[in-house]
Amino acid sequence: MLDFKFVRGNPEIVQDALSRRGSQVSLDDFLQLEEQRRDKLFVVEQMKSRRNIVSEEIGRLKKSGKEAKDMVLEMRDLSKQIKERDEEIRSLEEQLQDILLGIPNIPHETVPLGSGESDNPIVRMWGSPRNFNFEPKPHWDIGEALDVIDFERGGKVTGARFSFYKGLGSRLERSVLNFMLDLHTTEHGYVEIFPPFMVSRDSMVGTGQLPKFAYDMFKIEGMEYYLIPTAEVPVTNLYRNEILDGEKLPISHCAYSACFRAEAGAAGRDTRGLIRQHQFNKVELVKFCRPEQSYAELEKLTGNAERVLHLLGLPYRVVVLCTGDLGFSSAKTYDIEVWLPSYQGYKEISSCSNFENYQARRAGIRFRNEKGKTELVHTLNGSGLAVGRTVAAILENYQEADGTVTIPKVLQPYMGTDRIS
RNA sequence: GGAGAGAUGGCCGAGUUGGUCGAAGGCGCUCGACUCGAAAUCGAGUAGGCUGUGAUGAGCGGUCUCUAGGGUUCGAAUCCCUAUCUCUCCGCCA
């Protein structure tokens with residue numbers, strides 16, 4: 001959420017940012033309602049001031065045994081008026097809030113202009129796709145052939161876009177996520193969190209999933225609880241409505257969680273394999289930092305995620321999302337895309353974003369600066385990485401002509417073997 | 001699931017016969033004094049949001065906030081209702 005005062009004071013900047021994103025939203029309503037709100041607020045506060053003064057006077061009179069009938073009657077009437085005006089103001093504030101919640105973050109100045117995915121510039125590439133001297137199979141075929149992933153029974157037991165891992169497949173999933181957590185906690189300085197997989201509505205609003213993206217969420221029936229679409233939600237909300245010690249920043253957390261997504265808008269896309277499931281595992285990286293640190297931290301965080309792919313020896317590239325493809329709450333995002341032979345292309349495996357203070361304002365996450373003033377933190381997060389997609393990438397990139405899969409060196413201690421056969 | 005207790009500032013903790021209570025006291029923190037320096041001691045300061053006026057600074061003014069939302073009242077941290085959370089006991093359970 002953007003700042004009331006900022007939007008009010010800089011409508012042209014906000015309007016310009018909106019149009020760079022390709023949005024048609026107009027700020028006229030907002031500005032007009034905001035002016036109304038302030039006018040009414042001014043009047044009602046004067047009334048309240050009078051009520052406070054007179055009420056104090058009544059107290060004094062009563063104490064000294066005098067009557068104050070007239071004043072009480074006058075105040076009774078005044079209070080009624082105040083109540084009505086408060087109600088009007090509250091309604092205005094609600095409308096303003098609704099508008100504000102619908103306004104996306106302002107893209108950082110380094111974000112390239114573009115209208116969609118195809119305009120995302122490639123920032124760097126690492127590794128090169130392997131030349132197979134045989135016809136490589138997609139991971140869903142490998143998984144079934146080696147009897148380590150069972151998509152069909154996933155469909156039977158739960159439904160479409162669910163699957164079972166089995167045997168060394170389960171172990172591979174587990175190895176990959178443990179490897180990621182170990183790497184980030186021991187070498188990259190992240191403190192591990194194991195969060196709840198359901199959160200309250202307030203938390204969903206805090207990180208910006210709600211109210212806009214309710215359609216992509218699983219909600220628990222009869223309760224205001226939602227299954228988390230990413231660990232970003234519980235972990236960022238850890239410090240909701242708190243004032244952090246400025247000395248402790250930046251705070252870096254990593255967290256494993258299962259993630260649940262309805263994928264409502266993705267019918268027909270990535271229907272086969274592990275790429276787009278309703279439930280998947282992910283290791284998430286989350287940072288809270290001072291405003292002036294956040295872009296340096298974004299580079300670090302992205303690098304931390306890339307390191308996983310280096311160590312696994314998986315070819316990838318990094319793209320920076322252009323204004324037209326940038327997520328709603330993000331000011332700047334790098335996507336890391338891993339090479340998948342079955343797609344004959346690069347597929348997103350991590351998305352690293354700086355939200356600046358957009359989430360922090362909504363969630364009330366602040367810190368105390370040198371002057372003792374409170375200031376909103378900047379929040380960042382990125383996948384470090386999506387586990388299922390990593391497993392898919394390993395199966396595909398490390399498959400051999402005989403149908404077996406070689407296990408990358410760094411995973412062998414976790415797997416207890418160097419090969420799935 | 002049943003019964004009871006509680007939720008106050010960065011933290012701890014007073015205040016519940018409604019009226020200078022945004023809130024005693026302590027801790028922490030900041031500044032100053034003392035000291036060669038530090039500790040100890042002494043003195044002063046120290047909540048947040050909105051809003052008005054300033055330059056989207058400092059300062060000053062108004063208003064709101066004692067878990068949240070309603071209510072009673074001229075006036076609520078204090079009384080009433082609801083929700084949430086925490087703790088204790090019982091039941092159940094991994």
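Quick note on labels: first sequence line is chain A, next is B, and so on, each numbered from 1.
For the P atoms, the distance from A76(B) to G69(B) is 15 Å, rounded to whole Å. One P atom belongs to C66(B), the other to A77(B), and the distance between them is 7 Å to the nearest Å. Rounded to whole Å, the C1' atom of C36(B) lies 31 Å from the corresponding atom of C27(B). As rounded to the nearest Å, G10(B) and A68(B) have P atoms that lie 13 Å from one another. With P as the reference atom, U51(B) and U46(B) are 24 Å apart, rounded to whole Å. Taking atom P in both U82(B) and G2(B), the straight-line distance is 14 Å, to the nearest Å. Separation of the C1' atoms belonging to G25(B) and U35(B) is 30 Å when rounded to the nearest angstrom. Nucleotides A24(B) and G19(B) have their P atoms positioned 16 Å apart, rounded to a whole Å.
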Given protein heavy atoms under 4.0 Å, the one-letter contact record of nucleotides 62-67 of chain B, with B base, S sugar-phosphate only and - none, is simply BSS---
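Applying the Watson-Crick and G-U wobble criteria (two distances, each under 3.5 Å), G19(B) pairs with C74(B). Partner assigned to G32(B) is C42(B), using Watson-Crick or G-U wobble distances below 3.5 angstrom. When Watson-Crick and G-U wobble pairs are counted only if both distances are under 3.5 Å, A94(B) pairs with no nucleotide at all. Searching all strands for a Watson-Crick or G-U wobble partner of C85(B) with both distances below 3.5 Å returns G6(B). For G52(B), the paired nucleotide is C60(B), the pair qualifying as Watson-Crick or G-U wobble because both relevant distances are below 3.5 Å.
Look at CD1 on I58(A): it is 15 Å from P on G19(B), rounded to the nearest Å. Nucleotide C50(B) holds its P atom 19 Å from the CD atom of E35(A), rounded to whole Å. If you measure from atom CG of D202(A) to atom C1' of U84(B), you get 10 Å, rounded to the nearest angstrom. If you take CZ of R60(A) and C1' of G18(B), they are 17 Å apart, rounded to a whole angstrom. The distance from atom CD of E224(A) to atom C1' of G69(B) is 15 Å, rounded to the nearest whole Å. U73(B) atom P lies 13 Å from atom CG of L73(A), rounded to whole Å. Between E242(A) atom CD and G48(B) atom P the separation is 16 Å, expressed in whole Å. In this structure, the CD1 atom of I13(A) is 11 Å from the C1' atom of U56(B), given to the nearest Å.
Aromatic ring pairs are classed by plane angle as parallel below 30°, tilted from 30° to 60° and perpendicular above 60°; the pair H188(A) and H184(A) is tilted. Between H253(A) and Y239(A), the angle of the ring planes stays under 30°, which puts this pair in the parallel group of the 30/60° scheme.
Y316(A) pairs with exactly one of E337(A), H310(A), R124(A) by the side chain to side chain donor-acceptor pair (under 3.5 Å) rule, that one being H310(A).
The closest side-chain donor-acceptor pair between H278(A) and R261(A), if any, does not fall under 3.5 angstrom. When only modelled atom types and interatomic distance are considered, N105(A) and E356(A) share no side-chain donor-acceptor pair under 3.5 Å. A donor-acceptor contact closer than 3.5 angstrom is absent between the side chains of S383(A) and K282(A). For the residue pair S421(A) / T404(A), no side-chain donor-acceptor distance below 3.5 Å is found, with atom types taken as modelled. With hydrogens and angles left out, the side-chain atoms of N178(A) and Y256(A) include no donor and acceptor closer than 3.5 Å.
Residue R201(A) is classed as having no contact, given no heavy-atom separation below 4.0 Å to the nucleic acid. R368(A) comes within contact range of the sugar-phosphate backbone alone, with a heavy-atom separation under 4.0 Å but no base atom that close. Y239(A) comes within 4.0 angstrom of nothing in the nucleic acid, heavy atoms only. Using a 4.0 Å heavy-atom criterion, one finds that S200(A) contacts no nucleic acid atom at all.
Closest to the K5(A) side chain, of the nucleotides U51(B), G19(B), G10(B), is U51(B).
Of the charged side-chain nitrogens involved, at least one lies within less than 4.0 Å of a carboxylate oxygen, so that D86(A) and K48(A) count as a salt-bridged pair.
Each of T374(A) and N10(A) has a nearest nucleotide on RNA chain B; the 5'-most of these lies closest to T374(A). Along RNA chain B, the nucleotide nearest F4(A) and the nucleotide nearest G59(A) are compared for position; the residue whose nucleotide lies closer to the 5' end is G59(A).
Annotated as syn: G54(B), whose O4'-C1'-N torsion sits within 90° of 0.
Smallest separation of non-hydrogen atoms from C322(A) and N120(A): N-OD1, 2.8 Å.
Within the 4.0 Å cut-off from OP1 or OP2 of G48(B), not a single side-chain nitrogen or oxygen of R366(A) is found. Here R8(A) does not reach the OP1 or OP2 of U56(B): none of its side-chain N or O atoms lies under 4.0 Å away. Taking only side-chain nitrogens and oxygens, K69(A) never comes nearer than 4.0 Å to OP1 or OP2 of C74(B).
Using a 4.0 Å cut-off on heavy atoms, the residues of residues 75-97 of chain A that approach RNA chain B are M75(A), R76(A), S79(A), K83(A), R90(A), listed by number.
Under the salt bridge (Lys or Arg N to Asp or Glu O under 4.0 Å) criterion, K248(A) pairs with D245(A), sequence neighbours left out.
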Take M1(A) and Q97(A) through the test side-chain contact (heavy atoms from CB on, under 4.5 Å) and record every step on the way to the result. CA-CA 9 Å; M1(A) 182 169 68; Q97(A) 182 90 354; 4.0 Å; yes
